[in-house]
Asker: 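If you scroll down you'll find the structure; I have some questions about it.
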Amino acid sequence: MAARNVERFWEWGRKIVCVGRNYADHAKELGNAVPAEPVLFLKPPSAYVREGAPILLPGYCSELHHEVELGVVIGKAGTAIPQAAAMHHVAGYALCLDMTARDVQERCKSRGLPWTLAKAFNTSCPVSDFVPKEKIPDPGNIRLWLKVNEQLRQDGSTSQMIFSIPYLISYISDVISLEEGDLILTGTPKGVSSVQEHDELQAGIEDVVTMTFRVASR
Ligand SMILES: O=C([O-])CC(=O)C(=O)O
Ligand SMILES: [Mg+2]
């Protein structure tokens, strides 16, 4: 069997750990408190979708939101990784969208139910090509942007994150061991908004990597 290449991590079937409310301006726009500790949830590997395939609207959702996020690709396994060693566990990065069925999430929140239906459906994690670590020397200060039908909707910097990448790696790995090929979604800046069938989403990590997706009904 050919050796697996972390550059195609989305084919490995590894977990996607997502951080919510990691930007104060996004927490506020949805009326949420700024958290004292990271808010975590998971997406299954079946959530991945790659350029060329559409983002599918779940049949039970009437308000699908985009959330542009920096993805951190794990290159070395670890449990309870100290912050000082955290960056040694990073292989690289990816541009990701945390597609969210916002109406469903609001219902889950008001009933105290988990977010699985809102966050973990098929195609809820559009992902770019792998970006080697060396291409982003300072992941804590890089621009993330997203346009819908050419209109700029999200334009933020990872410098606005509440919890840094080393902190997140340490915090997550204390609870959930990280493995090679895992992906961490680090949260979204403000500007989330709803998308419809046929909309075109274009996003980028500065000009290091860009990607384009269309929205389709199932
Ligand atoms: O659903 C939310 O707003 C939480 C989240 O994923 C984020 O902040 O990136
Ligand atoms: Mg998110």
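Whatever order the structure lists ligands and atoms in, that order sets their numbers, starting from 1.
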Asker: Need the ligand 1 atom indices (1-based, order shown) with element for anything under 4.0 Å from a heavy-atom of Gly187.
Answerer: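 Listed by number with element, the hits are 9 (O).
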
Asker: Test of understanding: given a 4.0 Å heavy-atom threshold, classify the contact between Leu30 and ligand 1 as side chain, backbone, both, or neither.
Answerer: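 Side chain only.
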
Asker: Between Tyr23 and ligand 1, which part of the residue brings a heavy atom under 4.0 Å of the ligand: side chain, backbone, both or neither?
Answerer: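 Neither part.
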
Asker: Which residue holds the protein heavy atom closest to atom 4 (C) of ligand 1, what is that atom called, and what is the gap in Å?
Answerer: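 Answer for atom 4 (C) of ligand 1: Gly20 CA, 3.7 Å.
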
Asker: Quick test: of every protein heavy atom, which one is nearest to atom 3 (O) of ligand 1, and how far off is it to 0.1 Å?
Answerer: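 Answer, as residue, atom name and distance: His26 NE2, 2.6 Å.
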
Asker: State the atoms of ligand 1, each with its element, that fall below the 4.0 Å cut-off from a heavy-atom position in Arg102.
Answerer: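 Ligand 1 atoms under the 4.0 Å threshold to Arg102: 1 (O), 2 (C), 3 (O).
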
Asker: Just which atoms of ligand 1 are under 4.0 Å from any heavy atom in Glu69?
Answerer: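 Here the atoms of ligand 1 in question are 9 (O).
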
Asker: By number and element, which atoms of ligand 1 are closer than 4.0 Å to a non-hydrogen atom of Gln105?
Answerer: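 It comes down to these atoms of ligand 1: 1 (O), 2 (C).
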
Asker: May I ask you to decide whether Arg102 forms a salt bridge with Glu67, counting only side-chain N to carboxylate O separations under 4.0 Å?
Answerer: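 Result for this pair is yes, salt bridge flagged.
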
Asker: Would you say CD of Gln151 has more than 12 non-hydrogen atoms from neighbouring residues, nucleotides or ligands within 6.0 angstrom?
Answerer: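 At most 12 heavy atoms, drawn from other residues, nucleotides or ligands, come within 6.0 Å of this atom.
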
Asker: Using only heavy-atom distances, determine whether the side chains of Glu197 and Ser217 contain a donor-acceptor pair under 3.5 Å.
Answerer: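 Short answer, yes.
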
Asker: Side chains of His66 and Ser193: do they bring a donor and an acceptor to under 3.5 Å?
Answerer: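 A pair is found: one side chain offers a donor N or O, the other an acceptor, under 3.5 Å apart.
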
Asker: Can you find an N/O atom of Thr188 closer than 3.5 Å to an N/O atom of ligand 1?
Answerer: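 N/O-N/O distance under 3.5 Å: yes.
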
Asker: Do side-chain atoms of Asn149 reach the backbone of Glu200 as a donor and acceptor pair under 3.5 angstrom?
Answerer: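 It does hold such a pair.
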
Asker: Can you sort out which atoms of ligand 1 are near Phe41, meaning under 4.0 Å from one of its heavy atoms?
Answerer: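 That gives atoms 6 (O) of ligand 1.
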
Asker: Measuring from the heavy atoms of His65, does anything fall under 4.0 Å of ligand 1?
Answerer: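 So His65 does not count as touching ligand 1.
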
Asker: Restricting to N/O/S, name the atom of Glu67 that gets closest to the Mg ion (ligand 2).
Answerer: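 It is OE1, the N, O or S atom of Glu67 closest to the Mg ion (ligand 2).
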
Asker: Are side-chain N/O atoms of His65 and Glu63 paired as donor and acceptor at under 3.5 Å?
Answerer: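 Looking only at side-chain atoms, Glu63 and His65 do form a donor-acceptor pair, the distance falling under 3.5 Å.
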
Asker: Would you mind checking if Lys109 and Glu106 are paired as a salt bridge, meaning a charged N to carboxylate O distance below 4.0 Å?
Answerer: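 Salt bridge present between Glu106 and Lys109.
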
Asker: So is Val19 touching ligand 1 or not, going by heavy atoms under 4.0 Å?
Answerer: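 For ligand 1, residue contact (heavy atoms, under 4.0 Å) with Val19 is present.
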
Asker: For Glu69, what is the atom name of its N, O or S atom nearest to the Mg ion (ligand 2)?
Answerer: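 The Mg ion (ligand 2) is closest to the Glu69 atom OE2, counting only N, O or S.
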
Asker: Heavy-atom distances under 4.0 Å decide this one: backbone, side chain, both or neither, for Lys190 against ligand 1?
Answerer: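 For Lys190, no heavy atom sits under 4.0 Å from ligand 1.
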
Asker: Please list the nearest protein heavy atom to atom 8 (O) of ligand 1 with its residue and the distance rounded to 0.1 Å.
Answerer: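 It is Arg21 N, 2.7 Å.
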
Asker: May I ask you to identify the nearest protein heavy atom to atom 5 (C) of ligand 1, giving residue, atom name and distance to one decimal place in Å?
Answerer: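 The answer is Glu67 OE1, 3.3 Å.
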
Asker: Considering both backbone and side-chain atoms of Asn22, is one of its nitrogen or oxygen atoms within less than 3.5 Å of a nitrogen or oxygen in ligand 1?
Answerer: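 No, since none of the N or O atoms of Asn22 sits under 3.5 Å from an N or O of ligand 1.
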
Asker: Are the side chain of Ser173 and the backbone N or O of Ile81 linked by a donor-acceptor pair below 3.5 Å?
Answerer: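 Side chain of Ser173 to backbone of Ile81: a pair is present.
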
Asker: Measure the CZ-OH distance between Arg14 and Tyr48 for me, rounded to the nearest 0.5 Å.
Answerer: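 Rounded to the nearest 0.5 Å, the CZ-OH separation comes to 11.0 Å.
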
Asker: Drop me the distance from Asp129's CG to Trp10's CH2, to the nearest 0.5 angstrom.
Answerer: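 Those atoms lie 5.5 Å apart.
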
Asker: For the Mg ion (ligand 2), which N, O or S atom of Asp98 is at the shortest distance?
Answerer: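 Restricting Asp98 to its N, O and S atoms, the minimum distance to the Mg ion (ligand 2) goes to OD2.
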
Asker: For Cys125 and Lys43, which heavy atoms make the closest approach, and how far apart are they?
Answerer: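 Residues Cys125 and Lys43, closest heavy atoms: CB-CD, 3.9 Å.
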
Asker: For the residue pair Glu29 / Tyr23, report whether a side-chain donor-acceptor contact shorter than 3.5 Å exists.
Answerer: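 Absent: no donor and acceptor within the cut-off.
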
